[in-house]
Amino acid sequence: MKWIHMYALLVRASIRSRMQYKFNFWFSSIMAAIINVVEFLMLAVILLKFGHIKGWSLAEAGYLYAVLSLSKALYRMFASDVHHLEKYLVTGSLDSLLLRPVPVLLALMSQNFSIKFGELIQGIAILAFSMGTMMQTGQITWTALPLTVIVILSGSVLLFAIGLLTATAGFWITRIEELQNITEDAARTAAQYPMSIYPKWLQGLLISVIPVGFANYMPSLYILRHEAGIWLVGLSILVALALFTIALRAWKIGLARYQSTGS
C-alpha cells in the first residue's frame, strides 16, 4: 500500500506538470483517438464489403479490436514511459530515477502519466456497439460483460509485461526501437484482427513466442463462440501473470547491470 500511495503522488505531480500545456494535452488525445478510429474504419469497410473475414463478423472483429485497444490504453496510461526507456538509457535520465526513494520501475511508470481519453472513449464505443449487436442476435448474453472486463484487465497486464521485457533488453543493447516495432507495435496490430486470417506459423508466433493473442483472440473464442471452455479465459490470465512475473525478474537483472552514460 505504501508503494501504491507513492505512485499516486507521483502520478498527480506528473498530471499537474502535463496540464501546464493544456492545448498539447488535449490535441494529442484527440489525434490519438482519430488515428484509432481511422484504423477501425478501414477494417469496417472491408467487412461491410465482404460480410465477414474467415467467418468473423463485423461485430466480432470490432470486439477483438476494442478489447485490445482498451488493454493498450490502460497499459500506456499507467506505464507510458516503460515504452520510452531507450530515451532514459541514451540520455542518462534514468540516473535521476535511481535517486528517488521509490522503486525505479514505479518511478518510471509515473512519468508522463496521461489519461487516454480518446482511446478509452473510442474503445468503449466500439465495444458497446459490437456486444450490443451480438446480444441482439443472441450470440452472447450479459454474462459476457464481466468476462470481458476481466479479459481487458488481463490483457493490459500482458501488454505491460511484453513492453517491460522489450524495454529491459535495452540494458544490454541500448537501442530497442526496432525491437519494439516487432514485439509491441507489429504484434499488437496483427492481434487486432482475427488470427484465423494468418498462416499457421504466424498464429503460433502470436500465441507462443509473443503471446499477444491471449490479450483478446484466445479468450474471445469462448466468450463469443463458446468454443473449448471457460478455461481459455483462465489460461489467458495465467499467461499474463506468468509473463508479468518473468518481466519483473528480467527487469531486476537488467537494472543491476545498468551503467550510467556519465553525461
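Here the structure is a predicted model, which is why all the values come from computation and not from measurement. All values below were derived from every heavy atom in this structure, side-chain atoms included, with hydrogens, water molecules and symmetry-related copies excluded.
- Without hydrogens or angle criteria, Tyr198 side chain to Ala190 main chain gives a donor-acceptor distance under 3.5 Å.
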### Task
Quick one: do Thr148 and Tyr63 satisfy side chain to side chain contact (heavy atoms under 4.5 Å, CB included)? Show the steps, please.
CA-CA 9 Å; Thr148 298; Tyr63 179 90; 2.8 Å; yes
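- Between the side chains of Ser154 and Ser236, no donor-acceptor pair of N or O atoms lies under 3.5 Å.
- Heavy atoms of other residues, nucleotides or ligands lying less than 6.0 angstrom from CH2 of Trp172 number more than 12.
- Expressed to the nearest 0.5 Å, how far CG of Leu105 lies from CG of Asp81 amounts to 11.5 Å.
- Minimum heavy-atom separation, Leu232 to Met218: CD1-O, 3.5 Å.
- Defined by atom type and a distance below 3.5 Å, a donor-acceptor pair is present between the side-chain atoms of Glu60 and Gln139.
- Pairing each heavy atom of Leu179 with each of Ala169, the nearest pair is CD2-CB, 3.9 Å.
- Following chains of ILVMFWY side-chain contacts shorter than 4.5 Å, one cannot reach Val151 starting from Leu238, and the two form parts of different hydrophobic clusters.
- Take Arg188 and apply the side chain to side chain donor-acceptor pair (under 3.5 Å) test, not counting sequence neighbours, and it matches no residue.
- Residues Met77 and Leu120 come closest through the heavy atom pair SD-CD1, 4.3 Å.
- Between Leu70 and Glu119, the closest heavy-atom pair is CD2-O, 4.3 Å.
- The backbone N or O of Glu177 lies less than 3.5 Å from a partner atom in the side chain of Glu86, making a donor-acceptor pair.
- Ring orientation note: the planes of Trp56 and Tyr217 are tilted relative to one another, at an angle of 30° to 60°.
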### Task
Decide side chain to side chain contact (heavy atoms under 4.5 Å, CB included) for Leu85 and Leu94; before the verdict, give the C-alpha distance in whole Å, the side-chain angles of both, and the deciding distance to 0.1 Å.
CA-CA 8 Å; Leu85 181 64; Leu94 192 64; 4.3 Å; yes
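- Without hydrogens or angle criteria, Gln203 side chain to Met195 main chain gives a donor-acceptor distance under 3.5 Å.
- Gly123 approaches Ala66 most closely through the heavy-atom pair O-CB, 3.4 Å.
- Note on ring orientation: taking the six-membered ring where Trp is involved, the planes of Phe160 and Tyr75 are perpendicular (angle over 60°, cut-offs 30° and 60°).
- The minimum heavy-atom distance between Ala215 and Leu158, with the atom names listed, is N-CD2, 3.6 Å.
- Proximity of the aromatic rings of Trp251 and Phe171 is defined here by a centroid distance below 6.0 angstrom, and this criterion is met.
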